[in-house]
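Notes to accompany the following structure.
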Amino acid sequence: MKFKPSGVCAKEMSFDIIDNKIKNLNFINGCPGNLIGLSKLIDGMDIDEVIEKLRGVDCRGKGTSCPDQLSKALEEWKKANL
């Protein structure tokens, strides 16, 4: 799935969901080291756990963040696929 986040530095997120687990998470733009680290940490995690952990994370008072936007992307995927 490809997702266009809003209100953050990353311009696009892409990922696969296999057996309700996140795989192949990639970000275009954003903070490279942090987003690569995030991708490696959550690879293979259940999407519900990722949503729970990342929902509401704020970046510099923006009211959202790349992790928060990822939780929104995963929620959108769930609505479309479950």
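Counting from 1, the numbers follow the sequence of the chain as shown. Values in this document were obtained by computation on a predicted structure and should not be read as measured data. Just so you know, these numbers use all the heavy atoms, side chains as well, and skip hydrogens, waters and symmetry mates.
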Could you check whether atom CD of E12 has more than 12 heavy atoms from other residues, nucleotides or ligands sitting under 6.0 Å from it?
yes
Report all side-chain donor-acceptor pairs from residues 54-70 shorter than 3.5 Å, counting only partners two or more places apart or in another chain.
residue	atom	partner	partner atom	Å
R55	NE	E75	OE2	3.1
R55	NH2	E75	OE2	2.6
D58	OD1	K62	N	3.4
D58	OD1	G63	N	2.5
D58	OD1	T64	N	3.3
D58	OD2	G61	N	2.8
T64	OG1	D68	OD2	2.6
T64	OG1	Q69	NE2	2.9
S65	OG	V57	O	2.7
S65	OG	D68	N	3.1
D68	OD1	G56	N	2.7
Q69	OE1	S6	N	2.9
Q69	NE2	S6	O	3.4

Measuring from atom CG of N26 to atom OG of S14, what distance do you get when rounded to the nearest 0.5 angstrom?
4.5 Å
So K72 and I51, side chain to side chain contact (heavy atoms under 4.5 Å, CB included) or not? Walk me through it.
CA-CA 8 Å; K72 293 178 186 317; I51 291 168; over 6 Å; no
Atom pairs and distances, side-chain donor-acceptor, residues 34-46, under 3.5 Å, sequence neighbours left out:
residue	atom	partner	partner atom	Å
S39	OG	L25	O	3.3
S39	OG	L35	O	2.8
D46	OD1	N20	ND2	3.0
D46	OD2	D48	N	2.9

Restricting to non-hydrogen atoms, name the atom on K4 and the atom on K11 that form the minimum distance, rounded to 0.1 Å.
CD-O, 3.6 Å
pair W77-I17: side-chain heavy atoms closer than 4.5 Å:
yes
Check whether any side-chain heavy atom of I22 sits under 4.5 Å from a side-chain heavy atom of F15, and report yes or no.
yes
Report yes if some heavy atom in the side chain of F3 is under 4.5 Å from a heavy atom in the side chain of L74; otherwise report no.
no
Can you tell me if N81 uses its side chain to pair, donor with acceptor, with the backbone of K79 under 3.5 Å?
no
Within the structure provided, determine whether M13 and I28 are in side-chain contact (heavy-atom separation under 4.5 Å).
no
